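Counting starts at 1 for both ligands and their atoms, in listed order. Predicted model, so just to flag it, every value in this text is computed and none were measured.
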Amino acid sequence: MSDLPAKPVLLTGASGALGRVLTRALGASGWVLRLTDIAPFPDPLPNAASFTRADLADGVAILRLAEGCGAIVHFGGVSVERPFEEIVGPNLRGLYHIYEAARRERARVIFASSNHTVGFHDRAATIAAADPFMPDGYYGLSKAYGEMMGRLYWMKHGVESVFVRIGSSLPEPVNARMLASYLSYDDLVRLVARAVLTETVGTSVVWGASENRAMTWWRDDDRAALGWAPRDSADGFAAQLTGRISDDPVEERYMGGAYCRIDYTRGSPPAATGG
Ligand code: 15L
């Protein structure tokens, strides 16, 4: 990666697993990073990076952190399914603080959205980015809200966004579901870099999955406009992971997997999606 953003980049959620991956890679490429998280940053700081501990609930702190930034890479907030009351502060109100800061700075937002925005789509289908949200919990719902907030700020204020619907970004896939949902760290880093560096993005949606041909659920997104294509794949793990499934019909039927089962009170899944 030789391109450098013209202005500093604010990275929220810097102390989380993916925040640390992004910090290491983008920092090593010479990006000027302003890192923030509610938790301390556990690694050595790259040369051109600074870290400030802050809560997304603190709108003034977020405004200050974003001053002079050209992009906000927003990986902060709750990143797993939790009760509504735990999600609402960081992922709804906190996101509002991010977008208000982006509006003031004329900055772009790269939003860590999630496959859980569409978790209740059937695995038997392949879906396009423009297909309806089917959140599988309060977390997925908060990510759908985030994408909608991004569209509001684009239409009303001209704030650009890239919504990255991250699948499963781990060092390697660990079960059969991830033969479809796996996103390698390197593919994630390249995608975020393209999302920041591409000249105009409007509101773009990209499925955050590697080139997983053995099992594919997601198609038709805005990757070409960003100049991004994944280079890695879960396919090499197919032989060892195909049998690694649960005995839960809800989990195995839908894209969101185990998140669909959490607090699931229907007796059994319907005959077809929407039933
Ligand atoms: C996510 O959105 C979560 O942040 C992550 O912890 C995983 O659960 C991932 O989705 C997944 O679906 O595998």
Side-chain angles (χ1 to χ4, degrees), residues 11-22 37-39 56 73-84 86-92 94-95 98 110-123 125-127 129 133-147 150 162-185 187-189 191-192 205-210 212 214-218 221 230 232-234 237 241-242 244-246 248 250-264:
L11 171 65
T12 70
S15 307
L18 300 185
R20 292 168 68 191
V21 166
L22 291 170
D37 201 295
I38 198 168
L56 290 168
V73 177
H74 182 47
F75 276 59
V78 177
S79 63
V80 292
E81 179 62 348
R82 299 297 303 159
F84 180 75
E86 290 180 35
I87 300 266
V88 69
N91 289 22
L92 305 196
L95 190 78
I98 294 294
I110 318 305
F111 177 54
S113 184
S114 170
N115 74 91
H116 295 287
T117 54
V118 295
F120 265 125
H121 278 281
D122 253 90
R123 292 184 188 186
T126 62
I127 58 168
F133 290 125
M134 290 283 270
D136 56 26
Y138 299 118
Y139 163 69
L141 182 61
S142 76
K143 293 293 185 180
Y145 168 92
E147 291 193 22
V162 178
F163 311 119
V164 183
R165 292 193 189 150
I166 301 171
S168 307
S169 199
L170 297 169
E172 56 181 50
V174 297
N175 57 36
R177 172 176 173 269
M178 292 184 193
L179 294 174
S181 64
Y182 174 64
L183 173 67
S184 76
Y185 284 164
D187 280 340
L188 169 73
V189 169
L191 172 50
V192 169
V205 183
V206 181
W207 298 112
S210 287
N212 306 326
M215 203 154 92
T216 305
W217 297 336
W218 303 318
D221 63 9
D232 297 323
S233 175
F237 295 84
L241 294 181
T242 300
R244 203 163 301 171
I245 56 174
S246 72
D248 185 315
V250 173
E251 179 173 341
E252 295 305 324
R253 169 153 172 190
Y254 299 113
M255 295 175 182
Y259 280 45
C260 298
R261 166 53 73 188
I262 298 169
D263 197 29
Y264 187 88

Identify all pairs of nitrogen or oxygen atoms, one from ligand 1 and one from the protein, separated by less than 3.5 Å, and list them with distances.
| residue | atom | partner | partner atom | Å |
| --- | --- | --- | --- | --- |
| ligand 1 | 2 (O) | S114 | OG | 2.8 |
| ligand 1 | 2 (O) | Y139 | OH | 2.7 |
| ligand 1 | 4 (O) | S79 | O | 2.5 |
| ligand 1 | 4 (O) | Y139 | OH | 3.3 |
| ligand 1 | 8 (O) | Y259 | OH | 2.8 |
| ligand 1 | 10 (O) | H116 | NE2 | 3.1 |
| ligand 1 | 12 (O) | N115 | ND2 | 3.0 |
| ligand 1 | 12 (O) | H116 | NE2 | 2.7 |
| ligand 1 | 12 (O) | R177 | NH1 | 3.3 |
| ligand 1 | 12 (O) | R177 | NH2 | 2.8 |
| ligand 1 | 13 (O) | S168 | OG | 2.6 |
| ligand 1 | 13 (O) | R177 | NH1 | 3.1 |

Take the angle between the ring planes of Y139 and H116 and call it parallel below 30°, perpendicular above 60°, tilted in between. tilted
Take a 6.0 Å sphere around OH of Y145 and say whether it holds more than 12 heavy atoms from other residues, nucleotides or ligands. yes
Kindly determine whether N91 and R82 satisfy side-chain hydrogen bond (donor to acceptor under 3.5 Å, both in side chains), including the steps that lead there. CA-CA 11 Å; N91 289 22; R82 299 297 303 159; over 6 Å; no
I'd like to know if E252 and R123 make a salt bridge, using a cut-off of under 4.0 Å between side-chain N and carboxylate O. yes
Is the backbone of E251 close enough, under 3.5 Å, to the side chain of D248 for a donor and an acceptor to pair up by distance? yes
The criterion is side chain to side chain donor-acceptor pair (under 3.5 Å); which residues satisfy it with S210, sequence neighbours excluded? D187
